[in-house]
Amino acid sequence: MALKTILNYSPNFNPKKRPSKQIKFIIFHYTGMKNESNALKRLTDIQSEVSCHYLIKNNGEIVKIVPDLYIAWHAGESSWKNYKSLNQNSIGIEITNPGHEYGYKNFTKKQITALLKLSKFLIKKYKINAKNILGHSDIAVLRKKDPGEKFPWKYLFKNKIGIWHTLNKRDLIKNRKLETSKIEENIFFNNLFKVGYSKKYKTNISKNKYLIKLAKTFQRRFRQELVDGKIDQECLIISKNLIKAHN
Ligand SMILES: [Zn+2]
């Protein structure tokens, strides 16, 4: 299967090549910049010290920025299950979008089509587990919001990319905003840790603040219609389903 890309290489990668079996994750990002050409400039500028493997432009073109077998600099300080610094084990895909800071937009149809094609290509090539297809915010809860609540996780899941819950939407929505007890909250967070989210937070932030951020991160990924940081029955039910359906 051939993949049509445009080459625009970045100098920002580790010089040592990695074996292909080291690639276990795909991490999705949005560029979070006002305009696309500046995003591409930044990803290829030696001063910026950031990069990714692919950039998906607004028009659906896929730009190859760092070859797969070199470690690109997209994830930063990050953690998932027992993995730390996920750059080493991942392919990073940036998608043009101004992001939460500059007017978060829907991803374009052409971007989603390209995303599907690229993801399928990589999953097949490196035999990537559906559970290892993540957003930047999933692995950097305190620092990141991307790719955010407009990212088409459910649609991707229907196409065998990544995970999603298997619950009926109409039944599920009845549980929205219904309160949970303290015990249920604990169950919810334990489920998230089982899924892979980090338990650790920096000492300069309270545990409570971290858990609110974590709840929002979960919602951006799995309950995208309402990101309020409150753990309601709907969130709890989804977390239980994720464990049952995918662990
Ligand atoms: Zn990112």
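Keep in mind the model is a prediction, meaning the values are calculated, not measured. The first residue in the sequence is number 1, and the count goes up from there. Both ligands and their constituent atoms are indexed starting at 1 by order of listing.
- Remark: E61 does not engage K4 in a salt bridge, criterion side-chain N to carboxylate O under 4.0 Å.
- With sequence neighbours excluded, the residues that form a ring-ring contact (aromatic ring centres under 6.0 Å, His included) with F151 are F28, F107, W153.
- Partners of Y197 according to the ring-ring contact (aromatic ring centres under 6.0 Å, His included) rule, which considers only residues two or more places apart in sequence or in another chain, are W80.
- Listed by chain and number, H29 ND1, H136 ND1, D146 OD2 are the protein N/O/S atoms closer than 2.8 Å to the Zn ion (ligand 1), with waters left out.
- Within a 6.0 Å radius of NZ in K64, more than 12 heavy atoms belonging to other residues, nucleotides or ligands are found.
- With sequence neighbours excluded, no residue forms a ring-ring contact (aromatic ring centres under 6.0 Å, His included) with Y126.
- Side-chain rings of Y30 and H136 stay apart, their centers remaining 6.0 Å or farther from each other.
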